[in-house]
Asks: 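Attaching a single structure in structure tokens format; questions to follow.
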Amino acid sequence: MSEQQYDHLSIEPKWQSVWDSSPDLYKASVEDSRPKYFVVEMLPYPSGKLHMGHVRNYSIGDTLARYMWMRGYNVLHPMGWDAFGLPAENAALKSGRPPRDWTVSNIATMKGQLKRLGFSYDWDREISTCEPDYYRWNQWFFLRMYEKGLAYRKNSRVNWCTICATVLANEQVVNGCCWRHETTPVIQKEIEQWFFRITQYADELVDGLKDLDPGWPERVRAMQENWIGRSDGTEVDFRLEGTNEPIRVFTTRVDTIFGASCVILAPEHPLTAGLTAAEQQAELKRILEDQSRKDPAEIEKEGFFTGHYAVNPYSGEKVPVWVGNFVLANYGTGAIMAVPAHDERDFEFCSKYGIPIVPVIRPVDGVLPEVATEAFTEYGIAEKAGQFSGLPSAEAREKMSHFAEQNDFGKATITYRLRDWGVSRQRYWGTPIPIIHCEKCGVVPVPDDQLPVVLPDSVNITGEGRSPLESVPEFINVACPRCGSAARRESDTMDTFVDSSWYFYRYCDPKNEQRPFDPAVAKHWFPMDQYIGGITHAILHLLYSRYWTKVMRDIGLIENNEPAANLFTQGMVLGTDGTAMSKSKGNVVDPDLMVQKYGADTCRLFTLFAAPPDRDMEWNESSVEGQFRFLNRVYRFITRNINVEREGTSQGGRQALRKLHQTIGKVTGDFDNRWHFNTSIAALMELLNELTSLEEKIPGDITQQVISAYVKLLAPFAPFISQELWELMSGSGQILRQDWPVTDPALAAEDELEVPVQINGKVRSRVVVPIGTSREDLEKAALAEEKIRVALEGKQV
RNA sequence: GCCCGGGUGGCGAAAUCGGCAGACGCAACGGACUUAAAAUCCGUUUUCCAGCAAUGGGAGUGCGGGUUCAAGUCCCGCCCCGGGCACCA
């Protein structure tokens, strides 16, 4: 066969249509005897079109999935749609198009794009979270959590985005603004909300991170640990002088308590209002208002003395009770003891108001200062601490906590930064919360056999701050399942992060109508062997799904403690200006245009070649053309060598075989160890360079064995061209079904080696010796070199 | 402030366990083919000095020290960039 030109526009649609009509090609089965491999890429939100970040994410996952198929694994590689969410409602407001229509048509568009890119998904397992057969299980889980006390309702101050007109979870507030409207400050609003008790699992969520080492990136584990914010400390009661009422404070430094010079209450602390003198009520009101209005970082510390005193239970000393705007009501106990000599914030506050500053911790190799000019916040030795004087901080903390417990005025305790997950949303396009409010019975859960509570289709979206569902009488008005009298449905919907917290479990049994999934099937597939997605989900989605897994385990559905054994977070795709692609900056690259111009293979190859997959990469069209040229060269090279049938015994043939086996080793190693696909592709380029130059030297000595292995090595990265070449070569079959080439170390070994000769770390010369040369012979060879004798001092290989 | 990343040619990057720094690609320049262009192919390309040349010599992986026969890689002390958390007591 003579050389042919590469035409992606005919090759790619052809194979896409073949693959589309091959029902079993990407199918995984529980009955399969081969080892399982479950790889999931984070499912997209159907916003309209794929962006390059998706292409990169899915190219990484697909390359891996194809490699694992060829390695003989039973690969489960599914895809779905995170289909509920606000943009659908915004689109409805803008264009009048119902959220469902908008979403469904976006899904159709994006599914077409995924197919054009050649991703190997088993579409029979496709899920879409906005369909009742999916979200009914959100409702089912909600009811199970309600039964276990893990879902509860409370009146609370919540984050409210004025643009979204809905409540936001703490995780959705970024720099005091909505995560979707980054310049609009979130305000605080008091509302009845449903919460999931994620704090009940706080300990396990922290401790479990250890088991995810090294499967999950250090960065993600650190961020989660940070977010949960576990801190070990002590709770201590200071008693109010007169009434003897306890004011409980939380501290991580009970060893400094002999230096406590006041107790400070949060403005919202339950005792604050009662203790505040009449003339200071106005002051308190102003502080409270400032707090809900201003950015916390900009508020200066301020407060006032209540006129009351409390007693330090360790020293018996009487200290004033203050109210301070910097004390957080919802952390710890909402009250602190101020130890200005050993805490920077307390130092600032007490200096401002002339409250005494008493050092009680000295540096291990220093003395206790008379006067503190700044806060000494490190550990040291406790002084002026009665029976605890002379103890190092750590030991003092332990002994003093124990003392509090024995004397019944406190205890060692653990506090978390993590808050319960607020899941109510005053929006339409989400999972209805399966609860009915009855005047007689109160909160009544919808019985299981009445699930799903179906989201009605024709609803007027107003964008105003009330759930649109309230204006749908046939939805809202319902008979109480318990007493039968007229009642109202809950009109809020669930946070969309609920949808994505367990979706990957549904993949393994997507059509189950009795349960979310069959536990036996989930047991076969879980935990996921590999989960791949953006670092942006390091906290939100990944923390929620870890929580959900633990809840499902405690319900008895699964046995695994964590959803994914391995997590990979890929870097972002940046525009040519080095910043994130965004419509407003006009640096967005459309995958469709790239696929049309260069083909899916080129597009995939570039996203893998431009940088290691965990790092950010910049889009660069010249560099894309480089990948396109490479595929052209591959195509021409293989097609012109396709009929060659030689043993390859010449020097050139052996050299080709050696380079081939080195490349197999290199590419396989990249897959198995570190996923630096950029170097895998570079190795394939090197191999092609070597083969083309050998081809000129010894025409016709490129063997079948070499070209067929070449095409197999390329297949996970560029599936269309590889399949086409495979067909031209063998006449039939799917390259995905071929075995991955195995490297033969004997063939890969060089028989001569150029050894650099270094003297004092500088390369002075090189000697070429046969492989296996002894050390003595090597030295002899080196010494025979003129330059070496001249420069000789010490030497090493 | 605390916790993670990262810093290597004109650019993206490579060097996986301390052993030839810059693989592979882009861009640029020179050449072949062509009436011409595109495509393709060949060559040069870290930098400085010497030489007509083959070549030889020096410097070089953010900065300053250290360990080692040998450091982009390990240790100590800094600087800069990106990300996360942050009155969390």
Side-chain angles (χ1 to χ4, degrees), chain A residues 3 5 174-175 217-231 233-234 249-254 256 260 264 266 296-301 324-328 330-339 342-346 348-349 377 415-419 535-536 538-539 569 571-572 576 578 605-606 609-612 614-627 629-630 632-633 636 666 669-670 672-674 676 678-689 692-693 696 754-766 787 793-797:
Chain A
E3 176 176 310
Q5 291 303 310
V174 181
N175 294 327
E218 160 76 22
R219 184 157 166 227
V220 172
R221 285 182 284 118
M223 279 164 74
Q224 292 210 356
E225 189 164 357
N226 231 328
W227 184 261
I228 297 166
R230 176 160 70 187
S231 96
T234 313
V249 303
F250 173 76
T251 177
T252 54
R253 291 297 303 274
V254 70
T256 67
I264 310 177
E298 282 164 22
I299 297 178
E300 200 193 327
K301 287 187 184 49
N325 66 344
F326 69 102
V327 179
L328 302 173
N330 56 3
Y331 181 79
T333 59
I336 62 162
M337 61 171 191
V339 185
H342 303 292
D343 180 281
E344 274 163 26
R345 295 149 303 177
D346 297 348
E348 189 187 335
F349 187 83
T377 58
T415 297
Y416 302 89
R417 213 191 71 99
L418 183 71
R419 299 275 161 277
I535 186 74
T536 44
I539 297 175
T569 51
M572 286 191 299
T576 36
L605 216 50
F606 175 72
F609 179 76
D614 54 339
R615 249 196 271 174
D616 289 353
M617 57 167 274
E618 272 176 41
W619 192 264
N620 177 333
E621 194 159 336
S622 299
S623 196
V624 175
E625 283 175 22
Q627 303 308 304
R629 280 201 281 269
F630 165 59
N632 275 280
R633 293 212 299 131
R636 291 196 306 268
K666 163 74 186 154
D670 278 342
D672 293 347
N673 303 325
R674 57 174 203 171
H676 280 204
N678 53 330
T679 61
S680 314
I681 294 165
L684 289 170
M685 289 173 170
E686 277 187 70
L687 176 56
L688 183 69
N689 292 346
T692 30
S693 78
E696 281 165 28
E754 191 187 60
V755 181
V757 181
Q758 298 181 7
I759 294 169
N760 289 341
K762 292 259 183 248
V763 179
R764 292 295 163 179
S765 179
R766 284 145 218 259
K787 288 177 220 144
E793 256 174 275
K795 83 142 259 297
Q796 251 297 332
V797 187

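All heavy atoms count here, side chains included; hydrogens, waters and symmetry mates do not.
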Asks: Looking at A:Arg615, does any N or O in its side chain come under 4.0 Å of the phosphate oxygens OP1/OP2 on B:A14?
Replies: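 Answer is yes, contact under 4.0 Å.
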Asks: So with a 6.0 Å cut-off around CD of A:Glu621, is the heavy-atom count from everything else above 12?
Replies: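 For A:Glu621, atom CD is crowded (more than 12 foreign heavy atoms under 6.0 Å).
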Asks: What residues, two or more places apart in sequence or in another chain, satisfy side-chain hydrogen bond (donor to acceptor under 3.5 Å, both in side chains) together with A:Asp670?
Replies: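 A:Lys666, A:Arg674, A:Thr679, A:Ser680.
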Asks: Rounded to whole angstroms, how far apart are CH2 on A:Trp227 and P on B:G83?
Replies: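 A:Trp227 atom CH2 is separated from B:G83 atom P by 17 Å.
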Asks: Nucleotides 22-25 of chain B: which of its N/O atoms have a protein N/O under 3.5 Å away?
Replies:
from	atom 1	to	atom 2	distance (Å)
B:A23	O2'	A:Glu686	OE1	3.4
B:A23	O2'	A:Glu686	OE2	3.1
B:G25	OP1	A:Asn689	ND2	3.4

Asks: For A:Asp614 and B:C4, what is the distance between atoms CG and C1' respectively, to the nearest whole Å?
Replies: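 A:Asp614 atom CG is separated from B:C4 atom C1' by 13 Å.
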Asks: Would you kindly give the CZ-to-P distance between A:Arg230 and B:C2, to the nearest whole Å?
Replies: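 Nearest whole value for this atom pair: 22 Å.
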Asks: In the structure shown, which nucleotide is the Watson-Crick or G-U wobble counterpart of B:C74, with both distances under 3.5 Å?
Replies: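 Check on B:C74: paired to B:G66, both distances under 3.5 Å.
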Asks: When we call it a touch if two heavy atoms are under 4.0 Å apart, what does A:Pro612 touch: a base, just sugar-phosphate, or nothing?
Replies: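 Sugar-phosphate contact only.
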Asks: Across the strands shown, which category fits A:Val327 at heavy-atom distances under 4.0 angstrom: base, sugar-phosphate, nothing?
Replies: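 The answer is base, as A:Val327 lies within the cut-off (heavy atoms under 4.0 Å) of a base atom.
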Asks: If we call it a pair only when both distances are under 3.5 Å in a Watson-Crick or G-U wobble match, what pairs with B:G1?
Replies: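 Base-paired to B:C85.
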Asks: Compute whether any side-chain donor of one residue and acceptor of the other, for A:Arg633 and A:Asn689, lie under 3.5 angstrom apart.
Replies: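 Looking only at side-chain atoms, A:Asn689 and A:Arg633 do form a donor-acceptor pair, the distance falling under 3.5 Å.
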Asks: The side chain of A:Asn226 is closest to which nucleotide in this list: B:C85, B:A13, B:U16?
Replies: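 Out of B:C85, B:A13, B:U16, the nucleotide with an atom closest to A:Asn226's side chain is B:C85.
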Asks: Given B:G84, is OP1 or OP2 found less than 4.0 Å from the side-chain N or O atoms of A:Arg219?
Replies: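 No, because none of the side-chain N or O atoms of A:Arg219 sits under 4.0 Å from OP1 or OP2 of B:G84.
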Asks: If pairing requires Watson-Crick or G-U wobble contacts with both distances under 3.5 Å, which nucleotide is the partner of B:A14?
Replies: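 Pairing partner: none.
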